[in-house]
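Small disclaimer: the values here were computed from a predicted structure and weren't measured. For ligands, and for the atoms within them, numbers begin at 1 and follow the listed sequence. Position 1 is the first residue of the sequence, and the numbers go up from there.
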Amino acid sequence: MSRVRVGVNGYGTIGKRVAWAVMKQPDMELVGVVKTKPSWEALSAIARGIRLYVPEGKEELFESTGIKIAGTLQDLIQSVDVIVDATPAGIGAMYAGRYKEVGVKAVFQGGEKESVADVSFNALYTYETALGKASVRVVSCNTTGMLRVLYAFRKAGDIRSVRVTIVRRGADLKEVKKGPIEGLLLKPAKPPSHHADDVRSVAGHDLDIITYSIVAPTTLAHMHVMFVRFNGSVNREDVIRALEETPRVTLLRASLAYSTAEVRELARDFGRCGDIYEVVVWPESLWVRGDEAGIAYMVHQEAIVVPENIDAIRAVTGVVEDGTLSIRLTDESLGIGRWLP
Ligand code: NAD
């Protein structure tokens, strides 16, 4: 069978990682990526042998700096089966009509509104719903983290309500103009933060979930503390087993590493460019009493949605109909689940 031809519009934090992951899939071919400026990120693509496409009217700008381009955005979307839109939040919606016009399948990111796509996507929940759809939206990094942990909690018992405090990284490493560089920022001041609705867009609109969001001066990762109330008692062993059995959830003993700094460094030492595709859960943080449970975990914002994008590509094209199989293929190709003993 021929490989799925993929293009990536927006080669930034998420787009470049998705492009690199596509290059590792035996059933996919990366046709090229779109860059708007001849920046260091363009050099990063060239260094990896990735073809560069540019929005119409930008050809001269690239060529004048000596950067060779393969064509325009229109050329790219007309020559692929799927376009992964990883442009900044809100820009994807501007391109949505254009993708539709050409008839190319589109995978949007979590910065877009739910209405941008046919389905809000997480491979554990909505793979089958997304099969063959024209477009999906891979929900944001925090939402993806919460969804995976909730998936495990749902295996352990019938959930009545969910409360989460999200400590969000202030910026990604490269984002020199973002902050805060000091202080903790309660944003928004009035709960719930948008993350609650985002979780519901995948897990079901009847889920009782409230989220608080605090922005912190760090670039390394987010950390969440989640409390769940069940309809009936749960036991610790069942929750731990459910977490162990959930794909893309890694349990790491806090006695080995309990800070986002140590865990990111550990991922670097494991040869992953510091990228962590899994939610990292500290089992010691699991607190269970009767019908209540609480847990703390970390989410590497730059990497966690990458495997979800790969599964989303398979779902919209229908090349793999079984979500469990797609998750396995993606995880094998990216070494997910193999980095911790
Ligand atoms: P980014 O700013 O790092 O990358 C965006 C890229 O798009 C840049 O290379 C930029 O040059 C390019 N771009 C800008 N305008 C464009 C246009 N008009 N046409 C084509 N390309 C354009 O952004 P990001 O952090 O990768 O975020 C992309 C999406 O992923 C957003 O929806 C965001 O909410 C979501 N997301 C981000 C993170 C994260 O932590 N960074 C995590 C999960 C989801």
Side-chain angles (χ1 to χ4, degrees), residues 7-21 32-46 50 52-58 61-62 67 69 72-77 83-99 106-114 116-117 120-122 135-148 166-178 193-195 198 202 213 215-216 218-223 260 264 274-277 279 298-309 312:
V8 177
N9 187 14
Y11 187 78
T13 301
I14 300 300
K16 68 181 175 187
R17 287 174 169 82
V18 172
W20 303 342
V33 303
V34 177
K35 277 300 309 164
T36 49
K37 288 185 227 113
S39 63
W40 61 273
E41 281 173 327
L43 296 181
S44 145
I46 291 164
I50 298 172
L52 280 180
Y53 291 77
V54 299
E56 290 67 24
K58 298 272 181 154
L61 176 66
F62 277 77
I67 295 180
I69 59 163
T72 63
L73 168 64
Q74 192 68 13
D75 295 330
L76 181 64
I77 60 180
I83 190 88
V84 176
D85 187 295
T87 59
I91 304 277
M94 282 169 38
Y95 283 118
R98 201 159 157 189
Y99 303 149
V107 174
F108 295 98
Q109 307 305 311
E112 303 303 323
K113 294 203 172 99
E114 186 183 349
V116 78
S120 286
F121 186 84
N122 175 279
S135 61
V136 297
R137 176 184 72 114
V138 172
V139 290
S140 78
C141 44
N142 281 300
T143 306
T144 300
M146 285 187 278
L147 284 167
R148 289 190 195 153
I166 298 168
V167 181
R168 300 164 65 182
R169 61 91 179 96
D172 292 336
L173 187 63
K174 67 168 190 183
E175 289 178 317
V176 292
K177 292 181 185 160
K178 272 178 90 177
S193 62
H194 72 275
H195 306 95
D198 215 26
V202 173
S213 156
V215 188
T218 179
T219 60
L220 296 172
H222 310 299
M223 195 186 287
T260 55
R264 286 291 307 276
D275 279 355
I276 305 175
Y277 305 113
V279 182
M298 77 171 251
V299 171
H300 178 204
Q301 76 282 356
E302 295 163 308
I304 191 167
V305 298
V306 171
E308 305 296 334
N309 271 274

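- Only the side chain of Arg169 comes within contact range of ligand 1, with a heavy atom under 4.0 Å; no backbone atom does.
- For the pair Glu302 and ligand 1, the shortest N or O to N or O distance does not fall below 3.5 Å.
- Closest heavy-atom contact between Arg17 and Glu302: CD-O, 2.9 Å.
- Shortest non-hydrogen contact noted between Met298 and Ala221 is CE-CB, 3.7 Å.
- Each of the following atoms of ligand 1 lies closer than 4.0 Å to a heavy atom of Ala86: 5 (C), 6 (C), 7 (O), 28 (C).
- Counting heavy atoms under 4.0 Å from ligand 1, residue Leu73 does not touch it at all.
- Using a 4.0 Å cut-off to heavy atoms of Ile91, the atoms of ligand 1 that qualify are 17 (C), 18 (N).
- Within the 4.0 Å heavy-atom cutoff, Lys174 counts among the residues contacting ligand 1.
- Counting atoms of ligand 1 from 1 in the listed order, those under 4.0 Å from a heavy atom of Glu41 are 9 (O).
- Sparse packing is recorded around NZ of Lys37, with 12 or fewer heavy atoms of other residues, nucleotides or ligands lying under 6.0 Å away.
- Distances from ligand 1 to the non-hydrogen atoms of Phe108 include no value under 4.0 Å.
- Looking only at distances, no side-chain donor or acceptor of Thr143 sits under 3.5 Å from a matching main-chain atom of Val139.
- When the heavy atoms of Cys141, Ala171, Gly12, Gly111 are ranked by distance to atom 43 (C) of ligand 1, first place goes to Cys141.
- Protein heavy atom closest to atom 16 (C) of ligand 1, with residue, atom name and distance, is Thr36 CG2, 3.6 Å.
- For ligand 1, the atoms lying closer than 4.0 Å to a non-hydrogen atom of Lys35 are 9 (O), 11 (O).
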Stepwise salt bridge (Lys or Arg N to Asp or Glu O under 4.0 Å) check, Glu56 with Arg98: CA-CA 13 Å; Glu56 290 67 24; Arg98 201 159 157 189; 2.8 Å; yes
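- Here the shortest heavy-atom distance to atom 13 (N) of ligand 1, taken over Pro55, Gly10, Pro88, belongs to Pro88.
- Contact annotation for Thr87 and ligand 1: heavy atoms of both the backbone and the side chain come within less than 4.0 Å of the ligand.
- With contacts defined as side-chain heavy-atom distances shorter than 4.5 Å, the pair Tyr95/Leu73 qualifies.
- The minimum heavy-atom distance linking Val116 with Ala93 is given by the pair CG2-CA, 3.8 Å.
- In this structure, the side chains of Ile276 and Ile304 stay at 4.5 Å or more apart for every pair of heavy atoms.
- Put simply, the side chain of Phe121 reaches to within 4.5 Å of the side chain of Glu308, judged on heavy atoms.
- Within the 4.0 Å heavy-atom shell around ligand 1 one does not find Lys37.
- Contacts with ligand 1 closer than 4.0 Å are made by backbone heavy atoms (N, CA, C, O) of Tyr11 only, the side chain lying farther away.
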Salt bridge (Lys or Arg N to Asp or Glu O under 4.0 Å) between Asp198 and Lys113, worked out: CA-CA 9 Å; Asp198 215 26; Lys113 294 203 172 99; over 6 Å; no
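- Taking a distance limit of 4.0 Å, we find that atom 26 (O) of ligand 1 is approached by some protein heavy atom.
- Taking the six-membered ring where the residue is Trp, Tyr99 and Phe108 present tilted rings, their angle falling between 30° and 60°.
- The two residues Val299 and Cys141 have their closest heavy-atom pair at CG1-O, 3.6 Å.
- Residue-level proximity to ligand 1 for Ile14 is carried by backbone and side chain together, each with a heavy atom below 4.0 angstrom.
- Between Glu175 and ligand 1, a contact under 3.5 Å exists for no N or O pair.
- Of the protein's non-hydrogen atoms, the one nearest atom 41 (N) of ligand 1 is Asp172 OD2, 2.6 Å.
- With respect to atom 42 (C) of ligand 1, the closest heavy atom belonging to the protein is Gln301 O, 3.2 Å.
- Looking at Thr13 against ligand 1, both its backbone and its side chain come within 4.0 Å, counting heavy atoms.
- Among all protein heavy atoms, the one lying closest to atom 20 (C) of ligand 1 is Asn9 OD1, 3.2 Å.
- When hydrogens are left out, the protein atom nearest atom 18 (N) of ligand 1 is Tyr95 OH, 3.2 Å; that is the closest non-hydrogen contact.
- A donor-acceptor contact under 3.5 angstrom links the side chains of Ser120 and Arg137, judged on distance only.
- Judged by distance alone, with hydrogens and angles left aside, the side-chain atoms of Asp85 form a donor-acceptor pair with the main-chain N or O of Thr87 at under 3.5 Å.
- Looking only at side-chain heavy atoms (C-beta outward), Val84 and Gln109 come within less than 4.5 Å of each other.
- Close N/O approach between Glu112 and ligand 1 is not found [any backbone or side-chain N/O within under 3.5 Å].
- Within the listing of ligand 1, atoms 29 (C), 30 (O), 32 (O), 35 (C) sit less than 4.0 angstrom from a heavy atom of Gln109.
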